[in-house]
Amino acid sequence: MFNTIYLNVVQERNIAMDKNANVKNRIIEVTTELIEKHNGNIKDITARMIATKADVGLGLINYHFGSKEKLITECVQRIIGKVVTEFQMTNQYETDKERLMDCATNVFNFLFEHSAISRISILGDLQNYTENCNSVLTQRGFSLSLRNDISNEDKSMFVFILTVAMQAAFLGSETIKQLLGYDFTKTEDRATYINKLVGILYNGIDRLRNV
């Protein structure tokens, strides 16, 4: 008798947990669709719009995520994480340096082509910098480009500096234009910046080796 009651309670609890997980995933899926539909213009997305499309009560957004802003941040992190994970270089390269430049240029272009969600992602990482945040995932992606040139000891620092310099340039693009002369509305200026940045980092590694 007791075992039957206990099993029923556990089963009901598991059903409730599965239901909550399904509701939460549904809200995330709908919000992600709306972010992509509105090209990252999150000001055009309201909590009521999300709740209506997800067919859930408005209060469930706060219950599961705390606020609309936290929900959107989580969705954006997933979007960027998917892009970083799925990014693959199919071209052939003679050197690690060429491979890294192409990879970094593609990522840099993505930031400006999807500026609204990229800004949310980067600022979200700065507030909660973890080993699985998109900034660190990007660094890991860059590390895969460096197969021979950089030692494992230096690689982590190398890709960290590269990623931070790209993010700072993106967030402060107007100031960077005044300070360094790069106009990041132009794809050629983005490529030039990345090439210069990677070149400086490589020169720094070469100098350390010669010390």
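Numbers here simply count residues along the sequence, with the first being 1.
- Taking the six-membered ring for Trp and the full ring otherwise, Phe170 and Phe112 have centroids separated by under 6.0 Å.
- We find the CG-NE2 distance between Asn109 and His114 to be 11.0 Å, quoted to the nearest 0.5 Å.
- Counting non-hydrogen atoms of other residues, nucleotides and ligands closer than 6.0 Å to CD of Glu131 gives a total of 12 or fewer.
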Before giving the answer on side chain to side chain contact (heavy atoms under 4.5 Å, CB included), spell out for Asp154 and Ser151 the whole-Å C-alpha distance, their side-chain angles and the decisive distance to 0.1 Å.
CA-CA 5 Å; Asp154 295 328; Ser151 68; 3.3 Å; yes
Would Met101 and Tyr93 count as a side chain to side chain contact (heavy atoms under 4.5 Å, CB included) if you check the C-alpha gap in whole Å, the side-chain angles of each, and the deciding distance to 0.1 Å?
CA-CA 10 Å; Met101 282 182 175; Tyr93 303 94; over 6 Å; no
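- The two atoms that bring Ile28 and Glu74 nearest to each other are CD1-OE2, 3.5 Å, heavy atoms only.
- Between the CZ atom of Arg26 and the CD atom of Glu29 there is a distance of 6.5 Å, given to the nearest 0.5 Å.
- Inter-residue side-chain proximity for Thr105 and Arg190 is flagged as unmet; no heavy-atom pair is nearer than 4.5 Å.
- Both the sub-6.0 Å distance and the 45° axial angle are satisfied by Lys97 relative to the ring of Tyr202.
- For the pair Ile205/Asp149, no side-chain contact is recorded, criterion being any heavy-atom separation below 4.5 Å from C-beta on.
- Of the possible donor and acceptor atoms, none in the side chain of Asp102 sits under 3.5 Å from a partner among the backbone N and O of Glu98.
- To the nearest 0.5 Å, atoms CD1 (Ile72) and OG1 (Thr31) are separated by 7.0 Å.
- Closest non-hydrogen pair, Arg99 versus Ser145, comes out as NH1-O, 2.9 Å.
- Ile161 contributes atom CD1, which lies 10.5 Å from atom CD of Gln139 (distance to the nearest 0.5 angstrom).
- The minimum heavy-atom distance linking Met166 with Val107 is given by the pair CE-CG1, 3.9 Å.
- Side-chain atoms of Asp125 never come within 3.5 Å of backbone atoms of Cys133 as a donor-acceptor pair (strictly under, hydrogens ignored).
- When all heavy atoms of Phe108 and Ala169 are compared, the pair lying nearest together is CZ-CB, 4.0 Å.
- Of all heavy-atom pairs between Ile45 and His38, the closest is CG1-CD2, 4.0 Å.
- When Leu111, Leu171, Val76, Asn134 are each tested for a side chain to side chain contact (heavy atoms under 4.5 Å, CB included) with Ser118, only one passes: Leu111.
- In the hydrophobic clustering of ILVMFWY residues, with side-chain heavy atoms under 4.5 Å counting as a link, Ile200 and Leu179 come out apart.
- With no hydrogens or angles considered, a side-chain donor-acceptor pair links Ser135 and Gln167 at under 3.5 Å.
- Side-chain contact between Phe65 and Lys24 is present, with heavy atoms from C-beta onward closer than 4.5 Å.
- A donor-acceptor pair shorter than 3.5 Å cannot be found between the side chains of Thr130 and Asn132.
- Enclosure of atom NZ in Lys177 is not indicated, since only 12 or fewer non-hydrogen atoms of other residues, nucleotides or ligands lie within 6.0 angstrom.
- With rounding to the nearest 0.5 Å, the separation of CD1 in Ile50 from CD1 in Ile61 is 5.0 Å.
- The nearest pair of heavy atoms linking Phe184 to Ile176 is CE1-CG2, 3.6 Å.
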Given Val56 and Ile27, is the side chain to side chain contact (heavy atoms under 4.5 Å, CB included) satisfied, shown in steps?
CA-CA 8 Å; Val56 300; Ile27 293 172; 4.1 Å; yes
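- Under the 3.5 Å distance criterion, with hydrogens and angles disregarded, no donor-acceptor pair is assigned to the side chains of Thr192 and Asp189.
- Taken from CD1 in Ile194 to CG in Leu100, the straight-line distance is 8.5 Å, to the nearest 0.5 Å.
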